[in-house]
Amino acid sequence: MNVFKNYTITIDSKNHKKIIKNCFGYLGGKDKEGNTINLNNVYYEKNSKPWFPLMGEFHFSRCDHKFWKDFLLKMKTCGLTIVATNIFWIFHEENEGEWNWKKDNDLKAFTRLCCDLGLYVFLRVGPWGHGEVRNGGFPYWLIKKCNRVRENNPEYLKYVAIFYREIYEQIKGQFFKDNGPVIGVQIENEYGHCGGAEGSIDHLLTLKKLILDIGYDVPLYTITGWGGAKIPDEELLPVLSNYSTHPWAESTFKLPLFVEFLFRKASGDVINYTSPTAHRLIKSAFDPEKYPFTMCEMGGGICLTYSRRPLLKPKDVSSNIFVQLGSGAVFLGYYMFSGGINPKGKNGYLNESKEAGEWTTVPKLSYDFQAPVRMYGQISDSYRYIKILHYFINDYSETLATMQTTFPDIFPDTPYDTKTLRYAVRSCDYSGFVFFNNYQREYKMEDINADLTVNINKKAINFGKFTLKKDSYFFWPFNLELDDIVLIFAKAQPLCILNNNDIKTYIFLKCIDILPVFYFKKDSIVTIEAKYGKFVINKSEIIYQCNQDTDDLIQIKSKTDKSIEILLLKNEHELKVWKFNDLTEQRLIITDSDLVFENNRIISTDRKAEQNFLIYPNKDINFFYNNKMLAHEKKLFYSRIKIHKDKINKIKFDQKKNKNGKDKNSWSIKFQKDLFNNMYYANEIYLRLHLECNTAEVYIDEKLIIDYFFNGEVLEVGLKRYREVLEKKREIVVELIPLTKEDDICFDIKPHFINGIACRIKKVEIEPEYMVEIISK
């Protein structure tokens, strides 16, 4: 017999609210049209309304400029509104006085493209940037000339001023005040925490003054605030980080479980793990209560180092982000959101490396970061999970930004606790959301049976009994106003809103193995009906419940004669949902394919030739493919569209072992015909290498195009960008460095050893990616 433990959380809205102070007179800004960006100590504002910004890191200089637009559109389609990017000094002035702002380094073109696509830009100008770049981005010549860097050394500051001015020349006229996209500047990075500098507040103030004197003028000036970082109080806005694992830990022991999967208050504290059971806590150097809870480095993935090779699961990323949202974050920024590939310098590779005297070694070229958008533009499952959180944040931005967090009296004090319910409440006045998490990276969780009551302003809302399944997370609303309809609570997760002229549709998602239930305030409703669900009506409430494993549509009319809909999606749609702003309608598209939206265009990609779409609302759909209107059929409440492309002929190749040596093995992959004969049908062609080794390098025409540290993941290489040389050579060479059982490396997944050595290509696949472009007219 299941035992359901009672949990009660009490919120006094009057005493719970923070006193809002507009205490940052030096921050905020206005453009030429009168649009404003501001903040207070609790949340951000846009045009005087609460605003919940979403930001993703994408390094333009780590991406072929011909693919910038593709990456940026994928970020925008995922709901991001701001693109953060690092300006790595060594990428732009590797040799003194030889500045490179062209092609992949063209900051001016990049910011203008962001502006054209309707994305804001946040510049991380350093001068020290880290980002797993050689010397933290400092050119060698600078280090040789300046024996003291990252401090108020006049010689060092002279060169910093030149660097800052060079950046300014690229972006002048593109600041927010000029109607441009640049809304923020981060000064320095991990100062007082990483890179050897002890840190000085005076130095940060000097850098800020230098920035302002040159002419930078943005609404937001920030500084990384974790790990004992120095913070000039109320001069720079401290922003925080959070990762699902720490590959930069110096030893190779298995790390203990991370507190990042527990709901907790904002903190700039950093834990350094000194053994599998011991750690050292580095306290933050500022009071988080004075500033809005701002994340600039949510781990969108993680890097690989030579000694640590984590393999993240999608929920390692999305659950961590979810917990920060439930803990009260009002600004989510990802590092990285889009992976990239390091440029090769004039004087050698530019990756962080022990050979160069640095603390660790990362791949020479690959900066894939296991990010939501991978280094060749592939969309990952972590992208799909966090996309639905972004849709929710954007559609409920004004409400959510003002909500503050209440933590329960009873909560796990260790991530090893699998029996206590992990939850927190974000609320404002009478309404709010309860966040639950039962996921912990690399740990076997247990189902939790709970009976939850939220007491708010002396009124009890009992959600009743439910089972929080292991490895699941979700949130439920209470006292949520759906226009004129009062939703007392729901055991289903709000996803987004379709705000159309004739009717507003609220999209909800069913939770795993939990019967969806909606409690409505009876006196706000005139009529209510649903296709599959049933209703129970009592004195003050109308209760909807549905025990069929299907989508359902609830239609409601209020006493003020307003109508709304609730579209309830079954949980299996979670990774398939896309929100599209049509020319006349906001639509929901459900598909296994990956979508990118640009104005009235839908660019759909899939590894399968047939692509299927369910579309809601199902009226006035005028979708065209190849200048022909697409036929659609009705299914449930949706219109279903199918597009079948001609299947690309199997690409044949010969695989041969070239060399078998003690230190290195080499294979060649020769294509029998031109790879790109059928490129008309394909968006991309992926080479998929199933490897077991220590490290690998992939060459075309004797040039290294990408490298790989084994972590159990398939190495996937997009070949489109190498088309010109592949049409001539038709050969790819793969070199593997063997892994032995004696190598001191920490793996999540180890390879299979034969005679104590792992060094083989298990399988080679060539997989095309099909693309269709749909135009809405």
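Everything quoted here is computed from the prediction, not taken from an experiment.
Defined by atom type and a distance below 3.5 Å, a donor-acceptor pair is missing between the side-chain atoms of Glu398 and Tyr43. Neither side chain, Thr222 nor Gln186, offers a donor N or O lying under 3.5 Å from an acceptor on the other. Side-chain N/O atoms of Gln611 and Asp606 include no donor and acceptor closer than 3.5 Å. Side-chain contact of Asn581 with Gln586: a donor-acceptor pair under 3.5 Å is present, judged by distance alone. Side-chain contact of Asn612 with Arg640: a donor-acceptor pair under 3.5 Å is absent, judged by distance alone. Side-chain contact annotation: Asp104 with His65, donor-acceptor N/O pair under 3.5 Å present. With no hydrogens or angles considered, a side-chain donor-acceptor pair links Glu769 and Asn683 at under 3.5 Å. In this structure, a donor-acceptor pair under 3.5 Å is absent between the side chains of Asn342 and Glu132. No hydrogens or angles considered: a donor-acceptor pair under 3.5 Å links the side chains of Asp316 and Tyr439. A donor atom on one side chain and an acceptor atom on the other are not found under 3.5 Å apart for Glu297 and Ser241. Counting only N and O atoms by type, the side chains of Gln324 and Asn242 include a donor and acceptor under 3.5 Å apart. Between Ser604 and Tyr770, the side chains place no donor N or O within less than 3.5 Å of an acceptor N or O (distance only, hydrogens not considered).
Side-chain atoms of Glu572 never come within 3.5 Å of backbone atoms of Lys570 as a donor-acceptor pair (strictly under, hydrogens ignored). Under a 3.5 Å cut-off, the side chain of His92 and the backbone N or O of Asn100 do form a donor-acceptor pair. Although no hydrogens or angles enter the test, the distance criterion places a donor-acceptor pair under 3.5 Å between the side chain of Thr36 and the main chain of Asn47. Side-chain atoms of Gln370 come within 3.5 Å of backbone atoms of Pro310 as a donor-acceptor pair (strictly under, hydrogens ignored).
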Practice prompt. For Lys576 and Asp592, run salt bridge (charged side-chain N to carboxylate O under 4.0 Å, His left out): C-alpha distance rounded to whole Å, both residues' side-chain angles, the deciding distance at 0.1 Å, then the answer.
Written response: CA-CA 6 Å; Lys576 303 178 183 181; Asp592 289 318; 3.5 Å; yes
Practice prompt. Go through the steps to decide whether Asp106 and Lys108 satisfy the test salt bridge (charged side-chain N to carboxylate O under 4.0 Å, His left out), and finish with yes or no.
Written response: CA-CA 5 Å; Asp106 192 340; Lys108 183 183 295 185; over 6 Å; no
Worksheet item: Under the side chain to side chain contact (heavy atoms under 4.5 Å, CB included) criterion, do Asn320 and Glu260 qualify, and how do the steps go?
Response: CA-CA 6 Å; Asn320 187 356; Glu260 278 78 358; 3.8 Å; yes
Worksheet item: So Lys177 and Asp31, salt bridge (charged side-chain N to carboxylate O under 4.0 Å, His left out) or not? Walk me through it.
Response: CA-CA 4 Å; Lys177 68 170 187 174; Asp31 71 8; over 6 Å; no
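For Phe580 and Phe597, the gap between ring centers is short of 6.0 Å. Between Phe433 and Phe392, the distance separating the two ring centers is shorter than 6.0 angstrom. Here the two rings, on Phe331 and Tyr44, have centers that are under 6.0 Å apart. Two rings, from Tyr216 and Tyr168, have their centers less than 6.0 Å apart. Taking the six-membered ring for Trp and the full ring otherwise, Phe474 and Phe322 have centroids separated by 6.0 Å or more. Taking the six-membered ring wherever Trp is involved, the centroid distance between the rings of Trp68 and Phe110 falls below 6.0 Å. Ring to ring, His130 and Phe88 are not that close: their centroids are 6.0 angstrom or more apart.
For Arg721 and Phe67, the positive end sits near the middle of the six-membered ring, less than 6.0 Å away and at most 45° from its axis. Taking the ring centre of Tyr349 as origin, the terminal cationic atom of Lys344 falls inside the region bounded by 6.0 Å and 45° from the ring axis.
Around NZ of Lys645, the count of heavy atoms belonging to other residues, nucleotides or ligands within 6.0 Å exceeds 12. No more than 12 heavy atoms of other residues, nucleotides or ligands lie within 6.0 Å of CG in Asn501, so this atom counts as exposed by the packing criterion.
Note on ring orientation: taking the six-membered ring where Trp is involved, the planes of Trp101 and Trp99 are parallel (angle under 30°, cut-offs 30° and 60°). Taking the six-membered ring for Trp and thresholds of 30 and 60 degrees, Trp578 and Tyr383 have ring planes inclined between 30 and 60 degrees apart. A perpendicular orientation is assigned to the rings of Phe337 and Tyr334, their planes being inclined by more than 60° (bins at 30° and 60°).
Interatomic distance, NZ of Lys74 versus CD1 of Ile379, reported as 5.0 Å (0.5 Å rounding). In this structure, CD1 on Ile590 lies 12.0 Å from CG on Leu575, to the nearest 0.5 angstrom. Of the inter-residue distances, the one linking Lys777 atom NZ with Asp582 atom CG reads 13.0 Å to the nearest 0.5 angstrom. Between Leu630 atom CG and Phe623 atom CZ the span is 8.5 Å, to the nearest 0.5 Å.
Of the candidates Tyr396, Phe435, Phe508, Phe475 forms a ring-ring contact (aromatic ring centres under 6.0 Å, His included) with just one, namely Phe435. Each of Glu684, Glu713, Glu716 was checked for a salt bridge (Lys or Arg N to Asp or Glu O under 4.0 Å) with Arg374, and the lone residue meeting it is Glu713.
In terms of heavy-atom proximity, Pro292 sits nearest to Leu39 at CG-CD1, 3.8 Å.
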